[in-house]
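Working notes, beginning with the structure itself.
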Amino acid sequence: MDKARVLYKLADAIKDERLRGLVYKYLDRVLSSASSVCVSFDEAPGEIEEHHSYPGGLLDHTISVTRISVYIADLFKEVYGYDINRDLVLACAILHDLYKVLEFKYNGVMIERCEQYYPHDARISGEILANEGLVELAKCITELHGYYGYTSLESLVVGLSDILDAKFHSVIQSKIRNYLARRGRADIRSFYEFVRSREWCKKGVIEEIMLTPP
């Protein structure tokens, strides 16, 4: 849970008190839940195979998407003059994958789908709409994956950030798997340990990884 405290620091930048309080509320609910989730947030993956598919991947992905979203929102406002709701972008980015703790599980060996699976984005956006009445936030979370089309700048900005980070890591991840396989470390545990250790981020290592075919 300590590592995930960075999400509260990101939420601190939300100026709207009601929106900031809601983000704190949902973070509290997930980060303090031990029995009502399939996996703790610190151990939750971003996906099973696609991107950030290792224990702790969800936290890395959420931090990255949130920071990219804020940067893009500020950049587009500066360059194009678009009036983008920065608070909404922050809230949407922080919460967009939060309920993946109800979608995946980690048994200490492999990441699997939780038995009581229900689409995480639909679940959290439905709760926000029904319980909080915050239509724009619920809509942003629903739209950002692009399944229903974008009807706000905020959902588009967070959606683009999500795509960018997911694509970046899916490419890196694929190369890492082959890099390890060539060294006789093709098992899933070696992959989890290697990614979480940040060994791949070292200059000489990442250069070699990038030369490895996907």
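- The nearest pair of heavy atoms linking S64 to D165 is OG-OD1, 2.7 Å.
- Taking the side chain as every heavy atom from C-beta outward, C201 and I206 never approach each other to under 4.5 Å.
- One distance of note links CG of D97 with CG of D121; it measures 8.0 Å at 0.5 Å rounding.
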(Q) Working note: R177 + I188, criterion side-chain contact (heavy atoms from CB on, under 4.5 Å); need CA distance, chi angles, decisive distance, verdict. (A) CA-CA 9 Å; R177 296 291 291 268; I188 195 68; 4.0 Å; yes

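- Here the CG atom belonging to L144 is positioned 9.5 Å from the OG atom belonging to S152, to the nearest 0.5 angstrom.
- Y71 is not connected to V6 by any chain of hydrophobic side-chain contacts under 4.5 Å among Ile, Leu, Val, Met, Phe, Trp and Tyr, and they are in different clusters.
- With a 4.5 Å cut-off on side-chain heavy atoms, H52 and E47 do not count as touching.
- The hydrophobic cluster containing V39 also contains V195, counting ILVMFWY residues as joined when their side-chain heavy atoms lie under 4.5 angstrom apart, directly or transitively.
- In terms of heavy-atom proximity, M110 sits nearest to Y106 at O-CD1, 3.4 Å.
- Between S190 and D187, the shortest heavy-atom distance links the atoms OG-OD1, 2.8 Å.
- In this structure, R189 forms no cation-pi arrangement with F191, as its terminal cationic atom is not both closer than 6.0 Å to the ring centre and no more than 45° off the ring axis.
- Ring orientation note: the planes of H169 and W200 are nearly perpendicular, at an angle over 60° on the 30°/60° scale.
- In this structure, the separation between CD on E154 and CD1 on I84 is 6.5 Å, given to the nearest 0.5 Å.
- A salt bridge does not link E208 to K202: none of the charged side-chain nitrogens sits closer than 4.0 Å to a carboxylate oxygen.
- Taking hydrophobic clusters as Ile, Leu, Val, Met, Phe, Trp and Tyr residues chained together by side-chain heavy-atom distances below 4.5 Å, V101 shares a cluster with L10.
- Taking the side chain as every heavy atom from C-beta outward, H145 and D162 approach each other to under 4.5 Å.
- Proximity of a side-chain donor or acceptor of D87 to a complementary backbone N or O of I14 within less than 3.5 Å is not detected.
- By the 4.5 Å heavy-atom criterion applied to side chains, V205 and F194 are counted as neighbours.
- Closest heavy-atom contact between F104 and R113: CE2-NH1, 3.8 Å.
- A salt bridge links R86 to D74: at least one charged side-chain nitrogen sits closer than 4.0 Å to a carboxylate oxygen.
- Interatomic distance, L95 CG to L22 CG, rounded to the nearest 0.5 Å: 6.5 Å.
- By the criterion of side-chain heavy atoms lying less than 4.5 angstrom apart, applied directly or through intervening Ile, Leu, Val, Met, Phe, Trp or Tyr residues, L58 is not grouped with L164; the two fall into different hydrophobic clusters.
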(Q) One pair to check against side-chain contact (heavy atoms from CB on, under 4.5 Å): R20 and K25. What are the steps and the verdict? (A) CA-CA 9 Å; R20 186 173 64 250; K25 173 182 173 180; over 6 Å; no

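- Relative orientation of the F76 and Y80 rings is perpendicular, given thresholds of 30° and 60° on the angle between their planes.
- Under the 4.5 Å side-chain criterion, counting only non-hydrogen atoms from C-beta, Y26 is in contact with I128.
- Of the charged side-chain nitrogens involved, none lies within less than 4.0 Å of a carboxylate oxygen, so that E103 and K100 do not count as a salt-bridged pair.
- The hydrophobic cluster containing V70 also contains L98, counting ILVMFWY residues as joined when their side-chain heavy atoms lie under 4.5 angstrom apart, directly or transitively.
- Neither side chain, N178 nor T212, offers a donor N or O lying under 3.5 Å from an acceptor on the other.
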Q | Full working for side-chain contact (heavy atoms from CB on, under 4.5 Å) between L7 and L59 | A | CA-CA 9 Å; L7 298 179; L59 177 59; 4.0 Å; yes

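- Note that the NE2 atom of H51 and the CZ atom of F168 stand 13.0 Å from one another [nearest 0.5 Å].
- For the pair F41 and L27, the minimum side-chain heavy-atom distance is 4.5 Å or more.
- When all heavy atoms of T62 and A93 are compared, the closest pair comes out as CG2-O, 4.0 Å.
- Inter-residue side-chain proximity for L88 and E136 is flagged as met; some heavy-atom pair is nearer than 4.5 Å.
- The minimum heavy-atom distance linking T142 with A138 is given by the pair OG1-O, 2.9 Å.
- Cation-pi contact between R196 and Y54: absent, since separation from the ring centre below 6.0 Å together with deviation from the ring axis within 45° is not met.
- Under the side-chain hydrogen bond (donor to acceptor under 3.5 Å, both in side chains) test applied with Y99, the options E127, R123, H120 reduce to a single match, E127.
- Rounding to the nearest 0.5 Å gives a distance of 3.5 Å between OG of S161 and CD1 of I72.
- The shortest distance between side-chain heavy atoms of C92 and L137 falls below 4.5 Å.
- In this structure, R198 pairs ionically with D60, as a charged nitrogen and a carboxylate oxygen lie closer than 4.0 Å.
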Q | Intermediate values then yes/no, side-chain contact (heavy atoms from CB on, under 4.5 Å), L102 and C114 | A | CA-CA 7 Å; L102 303 171; C114 187; over 6 Å; no

